[in-house]
Student: 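Below is the structure I would like to discuss, written out as structure tokens.
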Amino acid sequence: MLQGEAYPDPYLELLRLGAESEHIESAVTVTLLLDGALVTGTVVSTDTWERLHLGQLRGQDGDLYRTVREAIWHLDDAAEKGRRRRQQDRRFLHLRDVTYRSGRTTHTLPAWRGPVTAISGWTLGHPA
């Protein structure tokens, strides 16, 4: 459940903000603890996650892909014309090249989006 009034970990928030910045290009890998599972991946911006997400949709459902792509295009167009400022949603963290580990089960995913409030712990890097 997303908690609107929750305060994010300030250090994790700095990593999220760094990924959103167009002036920072370094890749940071993190391992997150979520409900007993480990999620490892590279922190990316919302824009990068959207591109990865659209790429996944393209391969799954052409109609859904076109609908989502058009909605994102309208948001970007409105922001460029100054009618509406497109803000990044601070409630979510985005990763690419993800490994999800729960017990003995491991899954790899091209992209992941999860609520920051669900993260109970984190560290830089991959688990040994």
Side-chain angles (χ1 to χ4, degrees):
M1 174 179 232
L2 298 177
Q3 302 170 4
E5 298 300 318
Y7 296 99
D9 177 305
Y11 299 103
L12 188 58
E13 178 65 4
L14 286 171
L15 292 178
R16 190 194 66 75
L17 288 171
E20 295 293 347
S21 173
E22 59 189 44
H23 304 292
I24 299 175
E25 295 184 24
S26 61
V28 176
T29 299
V30 295
T31 297
L32 312 171
L33 179 62
L34 293 117
D35 198 26
L38 293 178
V39 177
T40 302
T42 302
V43 181
V44 295
S45 68
T46 303
D47 290 340
T48 298
W49 179 84
E50 282 179 353
R51 284 192 299 278
L52 291 167
H53 180 64
L54 281 173
Q56 289 179 283
L57 282 178
R58 181 182 298 156
Q60 299 292 318
D61 183 331
D63 291 335
L64 181 58
Y65 164 75
R66 285 186 288 282
T67 301
V68 172
R69 183 188 64 194
E70 188 172 318
I72 290 171
W73 181 84
H74 282 297
L75 289 172
D76 287 341
D77 186 51
E80 286 177 16
K81 293 180 179 173
R83 292 191 307 248
R84 180 177 174 190
R85 185 169 178 240
R86 186 162 181 220
Q87 296 181 348
Q88 307 305 327
D89 193 338
R90 294 178 25 154
R91 297 175 301 165
F92 295 96
L93 185 67
H94 303 94
L95 305 177
R96 68 172 165 82
D97 304 326
V98 175
T99 303
Y100 174 89
R101 295 173 185 86
S102 180
R104 294 181 182 207
T105 304
T106 300
H107 301 282
T108 57
L109 307 165
W112 179 88
R113 172 182 167 106
V116 173
T117 56
I119 300 168
S120 57
W122 65 278
T123 188
L124 296 174
H126 297 272

Student: According to a 4.5 Å side-chain heavy-atom criterion applied to Ile, Leu, Val, Met, Phe, Trp and Tyr, with indirect links allowed, do Leu15 and Leu38 form part of one hydrophobic cluster?
Tutor: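 No: no chain of side-chain contacts under 4.5 Å links Leu15 to Leu38.
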Student: I need the minimum non-hydrogen distance between Pro110 and Leu52, along with the two atoms involved.
Tutor: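 The pair with the smallest heavy-atom distance is O-CD1, 4.1 Å.
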Student: May I ask whether Leu12 and Leu124 are part of the same hydrophobic cluster, defined by side-chain heavy atoms of I, L, V, M, F, W, Y residues being less than 4.5 angstrom apart, directly or through others?
Tutor: yes
Student: Applying the 4.5 Å side-chain criterion to the ILVMFWY set and letting contacts propagate, would Leu109 and Val28 be lumped into a single cluster?
Tutor: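 Yes: a chain of side-chain contacts under 4.5 Å links Leu109 to Val28.
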Student: Are the side chains of Asp9 and Ile119 in touch, meaning some heavy atoms are under 4.5 Å apart?
Tutor: no
Student: How many angstroms lie between OG1 in Thr46 and CZ in Arg51, if you round to the nearest 0.5 Å?
Tutor: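 Going from OG1 on Thr46 over to CZ on Arg51, the span is 10.5 Å.
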Student: Considering non-hydrogen atoms only, spot the tightest contact between Thr40 and Pro127 and give its length.
Tutor: OG1-CD, 3.5 Å
Student: Any luck finding a side-chain donor-acceptor pair between Thr105 and Ser102 under 3.5 Å?
Tutor: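 Side chains of Thr105 and Ser102: no pair found under 3.5 Å.
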Student: Of Val39, Thr123, Leu95, which meets side-chain contact (heavy atoms from CB on, under 4.5 Å) against Val30?
Tutor: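 Filter result, single survivor: Leu95.
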Student: Would a hydrophobic clustering, with Ile, Leu, Val, Met, Phe, Trp and Tyr connected at side-chain separations under 4.5 Å, put Tyr11 with Val43?
Tutor: yes
Student: Is there a donor in the side chain of Thr31 and an acceptor in the side chain of Arg101, or the other way round, less than 3.5 Å apart?
Tutor: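 Not at all, the side chains of Thr31 and Arg101 share no donor-acceptor pair under 3.5 Å.
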Student: Are Trp112 and Val44 co-members of a hydrophobic cluster defined by side-chain heavy atoms under 4.5 Å apart?
Tutor: no
Student: Only one of Arg113, His53, Arg16, Glu50 passes side chain to side chain donor-acceptor pair (under 3.5 Å) with His94; say which it is.
Tutor: Arg113
Student: Under 4.5 Å between any side-chain heavy atoms of Val116 and Arg90, yes or no?
Tutor: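 Val116 vs Arg90: side chains apart.
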Student: Just wondering, do Leu93 and Trp122 contact through their side chains at under 4.5 Å, heavy atoms?
Tutor: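 The answer is no; the side chains never approach within 4.5 Å.
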Student: Just verifying a value: how many Å separate Asp97 CG and Thr108 OG1, rounded to the nearest 0.5 Å?
Tutor: 9.5 Å
